[in-house]
Amino acid sequence: FTDYVIQRARIEKRIVQYCLVNHSSFSDINLGALATARILTLRNERGDIEPTHAVLRMPQRPGASVDNIHAGGIAAPVDLATGRLGRATDLGLRVTARWHDLHPETGAPILGRELPHWQAALDLCRRAHALIGDRVVVGWDGAILEDGPCLVEGNGKPDVDLMQRPHGTGLVNSRFGEL
């Protein structure tokens, strides 16, 4: 495989990435995909990096290759202090939209579930944001793996609907709006 990738890379560019696998406590809600947390961080009045909102995204249909709420997934708000999940929802664009205490496919609890390595995930996002210069807001997509959190990507223009619908409120009257 290595030789094949090297040969193909001479013709067109290739990226080889690790295959990430969620922490074992996610096995009843991720349906085999990589469930990720979107964590919003903002630079505050003192210049420090402050997380303001977070959601955990997960697929709701078997065979989904991504957890993205814009691709049919669901998202649950995460309490920043505890890493505890609220009720999950989709974007609410259809009359069939619902709020889920339990995963719609597996029946596994979502509401009240506590994410492992949560404070480490927040710390990782703070450190990453501090390293990228003067950007005010970043939406971090991170996976929680068996041995801790891992950043997947940072989004300079994060979707605010991804936060507002699961949290059940707009962002203007929150710490996000203040900053």
Side-chain angles (χ1 to χ4, degrees), residues 15 17-23 25-26 29-30 33-60 65-92 99-100 110-179:
I15 296 174
Q17 298 177 312
Y18 291 104
C19 179
L20 301 178
V21 177
N22 282 125
H23 189 279
S25 67
F26 287 51
I29 61 171
N30 68 3
L34 185 68
T36 59
R38 167 67 62 90
I39 300 171
L40 283 181
T41 58
L42 282 85
R43 193 169 296 279
N44 68 20
E45 302 90 341
R46 297 176 309 283
D48 298 328
I49 306 303
E50 183 178 328
T52 64
H53 293 81
V55 296
L56 180 71
R57 301 179 302 186
M58 62 205 98
Q60 66 174 329
S65 58
V66 295
D67 62 354
N68 195 314
I69 194 170
H70 292 102
I74 54 177
V78 183
D79 181 281
L80 289 175
T82 66
R84 188 164 282 124
L85 299 181
R87 298 168 72 206
T89 184
D90 59 15
L91 281 176
W99 291 86
H100 304 279
I110 294 173
L111 180 65
R113 180 184 292 247
E114 196 166 315
L115 300 178
H117 306 297
W118 182 244
Q119 289 306 314
L122 294 177
D123 291 343
L124 179 60
C125 292
R126 283 187 195 99
R127 289 193 318 272
H129 191 152
L131 291 172
I132 61 170
D134 62 354
R135 184 165 292 278
V136 174
V137 61
V138 180
W140 298 100
D141 293 343
I144 298 177
L145 311 178
E146 207 65 49
D147 60 348
C150 172
L151 288 180
V152 175
E153 69 177 355
N155 298 275
K157 296 178 183 176
D159 299 317
V160 294
D161 59 344
L162 174 59
M163 293 297 159
Q164 293 177 123
R165 169 82 175 161
H167 282 275
T169 186
L171 297 182
V172 71
N173 292 322
S174 70
R175 186 68 175 138
F176 180 95
E178 292 173 16
L179 295 175

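We count residues from 1, following the sequence as given.
No donor-acceptor pair under 3.5 Å is formed between the side chain of Asn155 and the backbone N or O of Lys157. The closest donor-acceptor contact from the side chain of His129 to the backbone of Arg135 lies under 3.5 Å. Side-chain atoms of Gln119 do not come within 3.5 Å of backbone N or O of Thr82 as any donor-acceptor pair. The backbone N or O of Glu146 sits less than 3.5 Å from a side-chain atom of His117, completing a donor-acceptor pair. Here the side chain of His23 pairs a donor or acceptor atom with the backbone of Ser25 at under 3.5 angstrom. Remark: the backbone N or O of Leu111 is not paired with any side-chain donor or acceptor of His100 at under 3.5 angstrom. In this structure, the side chain of Arg126 does not engage the main chain of Pro51 through any donor-acceptor pair within 3.5 Å. Side-chain atoms of Arg165 do not come within 3.5 Å of backbone N or O of Ala75 as any donor-acceptor pair.
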>> The test is side chain to side chain contact (heavy atoms under 4.5 Å, CB included); show your working for Asn44 and Arg175 and say whether it passes.
In response: CA-CA 9 Å; Asn44 68 20; Arg175 186 68 175 138; 3.9 Å; yes
>> Would Leu20 and Cys150 count as a side chain to side chain contact (heavy atoms under 4.5 Å, CB included) here? Give the steps.
In response: CA-CA 9 Å; Leu20 301 178; Cys150 172; 3.9 Å; yes
>> Evaluate Arg57 against Leu162 for side chain to side chain contact (heavy atoms under 4.5 Å, CB included), listing each step before the verdict.
In response: CA-CA 9 Å; Arg57 301 179 302 186; Leu162 174 59; 3.8 Å; yes
> What's the verdict on side chain to side chain contact (heavy atoms under 4.5 Å, CB included) for Trp118 and Asp79, showing C-alpha distance, side-chain angles and the deciding distance?
Replying inline: CA-CA 10 Å; Trp118 182 244; Asp79 181 281; over 6 Å; no
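For the atom pair CG (Asp48) and CG (Leu42), the distance works out to 12.5 Å, reported to the nearest 0.5 Å. Here Arg127 contributes atom CZ and Thr41 contributes atom OG1; the two are 12.5 Å apart, rounded to the nearest 0.5 Å. Atoms CG and CD1, on Leu85 and Ile29 in that order, are 6.5 Å from each other to the nearest 0.5 Å. To the nearest 0.5 Å, atoms CD1 (Ile110) and CE (Met58) are separated by 4.5 Å.
Closest of all the heavy-atom pairs between Pro158 and Leu40 is CG-CD2, 3.6 Å. Closest approach of Asp90 to Gln60, counting heavy atoms only: CB-NE2, 4.4 Å. Taking both residues in full, the closest heavy atoms of Cys125 and Ile39 are given as SG-CD1, 3.7 Å, listed atom of the first, atom of the second, then distance. When every heavy atom of Ala54 is checked against every heavy atom of His167, the shortest pair comes out as O-NE2, 2.9 Å. Closest of all the heavy-atom pairs between Val66 and Ala71 is CG2-CB, 3.9 Å. Pairing each heavy atom of Ala128 with each of Leu151, the nearest pair is CB-CD1, 3.5 Å.
Looking only at side-chain heavy atoms (C-beta outward), Phe176 and Val160 come within less than 4.5 Å of each other. No side-chain heavy atom of Leu179 sits less than 4.5 Å from a side-chain heavy atom of Val136. Residues Leu56 and Arg113 have side chains not in contact (no heavy-atom distance under 4.5 Å, counting atoms from C-beta outward). At least one side-chain heavy atom of Phe26 sits less than 4.5 Å from a side-chain heavy atom of Pro116. Residues Thr169 and Ser174 fail the side-chain proximity criterion, which asks for heavy atoms closer than 4.5 Å. Two residues are said to be in side-chain contact when any heavy atoms from C-beta on lie closer than 4.5 Å; Val78 and Arg84 fail this criterion.
Considering Asn68, Asp67, Asn22, Asp141 as possible partners of Thr36, the one that fulfils the side-chain hydrogen bond (donor to acceptor under 3.5 Å, both in side chains) test is Asp67.
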